[in-house]
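Counting from 1, the numbers follow the sequence of the chain as shown. Side chains included, hydrogens not; waters and symmetry mates left out as well; all remaining heavy atoms used.
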Amino acid sequence: MNENSVLNKLRKHTPIILGSEAFNKYAVLVPLVEVNGETHILFEIRSLEMRRQPGDICFPGGRKDPLDRTEQQTAIRETTEELGIKEENITDVTPLNYIVSPGMIVYPYAGVIDPAVPMKLNPSEVGGVFTVPLSYFLDNPPAIYPVNLRAEPEENFPFELVVGGENYHWQTRKVDEYFYSYKGKVIWGMTARIVAHLVDIIR
């Protein structure tokens, strides 16, 4: 293959996150609700029937469906299914920074929910909802605790192909876990990280 052929192929390439075509794609909505003239953020409490993270506090959202045209549509669809509202009850949907972690990408959006619309929660997914004034997060920074992630190769890992072999010095990677506490409820993990990001934008 000559140089021009190589360069032509490179020029046509649109870069993405390497390997992301095999990642699971998720989308969540940060619901903004007006309560007594003040902007609140609405949170869900995951149903205790859920296999993953039962009882945790989260935003409405889920995995992108093959029929979803965009990640934004995923966030809206999941919100309507979980809160029992209609798509037209959600307005001003705006993308936030997406999150990349091993094997998945999460696309967060902020959107306004009409406070006058009654919700019919999906009990198989949602154990309850509550709101927190946005001003609380503006006035109270999160507590941040580092977590170390250590590589653990499988038994069949080819150490003989790596300089240092079984004594190879794997790097320990650190991630920060965010925590907010509000009236006895703990908002942490990715949900808290998204809240902190939203607050940074608003500031």
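For the residue pair S135 and E38, the shortest heavy atom distance occurs at OG-OE2, 2.7 Å. Counting all heavy atoms, side chain and backbone alike, A75 lies closest to A27 at N-CB, 3.8 Å. Closest heavy-atom contact between T74 and G62: CG2-O, 3.6 Å. Nearest heavy atoms, P142 versus A196: CG-CB, 4.4 Å.
For R150, the salt bridge (Lys or Arg N to Asp or Glu O under 4.0 Å) partners two or more places apart in sequence, or in a different chain, are E152. Qualifying side chain to side chain contact (heavy atoms under 4.5 Å, CB included) partners for P118, counting only residues two or more places apart in sequence or in other chains: none. For N97, the side chain to side chain contact (heavy atoms under 4.5 Å, CB included) criterion is met by H197, not counting sequence neighbours. For E125, the salt bridge (Lys or Arg N to Asp or Glu O under 4.0 Å) criterion is met by no residue, not counting sequence neighbours. Shown here are the side chain to side chain contact (heavy atoms under 4.5 Å, CB included) partners of K12, two or more places apart in sequence or in another chain: there are none. Qualifying side chain to side chain contact (heavy atoms under 4.5 Å, CB included) partners for T172, counting only residues two or more places apart in sequence or in other chains: N148. Considering only residues two or more places apart in sequence or on other chains, F157 meets the ring pair (Phe, Tyr, Trp, His ring centres under 6.0 Å) condition with F159, W170.
Grouped by direct or indirect side-chain proximity (heavy atoms under 4.5 Å, Ile/Leu/Val/Met/Phe/Trp/Tyr only), L29 sits with I17, F23, V33, V35, L42, I76, L83, I85, I90, V93, Y98, V100, I105, Y107, Y109, I113, V117, M119, L121, V126, V129. Taking Ile, Leu, Val, Met, Phe, Trp and Tyr as members and joining any whose side-chain heavy atoms lie under 4.5 Å apart, directly or through other members, the hydrophobic cluster of L149 also contains V147, V175. Counting side-chain heavy-atom gaps under 4.5 Å among Ile, Leu, Val, Met, Phe, Trp and Tyr, the cluster of Y178 also holds I144.
Counting only heavy atoms from C-beta outward, the side chains of V195 and V132 never approach each other to under 4.5 Å. By the 4.5 Å heavy-atom criterion applied to side chains, I57 and V186 are not counted as neighbours. A 4.5 Å side-chain heavy-atom check between I41 and L32 finds at least one atom pair inside the cut-off.
Heavy atoms of other residues, nucleotides or ligands lying less than 6.0 angstrom from CD of E88 number more than 12. Few gaps surround CG on N2; more than 12 heavy atoms of other groups in view lie less than 6.0 Å from it. For CD of E3, the number of neighbouring non-hydrogen atoms (other residues, nucleotides, ligands) closer than 6.0 Å is 12 at most. Applying the 6.0 Å contact sphere to OH of Y168 captures no more than 12 heavy atoms from other residues, nucleotides or ligands.
In terms of hydrophobic clustering, with Ile, Leu, Val, Met, Phe, Trp and Tyr side chains grouped at heavy-atom distances under 4.5 Å, I99 and M104 are assigned to a common cluster.
Applying the salt bridge (charged side-chain N to carboxylate O under 4.0 Å, His left out) test to residues at least two apart or on different chains, the pairs with a partner in residues 71-83 are K64-E71, D68-R77, R77-E81. Listed by first and then second residue, the ring-ring contact (aromatic ring centres under 6.0 Å, His included) pairs that reach into residues 45-82 are F43-F59, sequence neighbours excluded.
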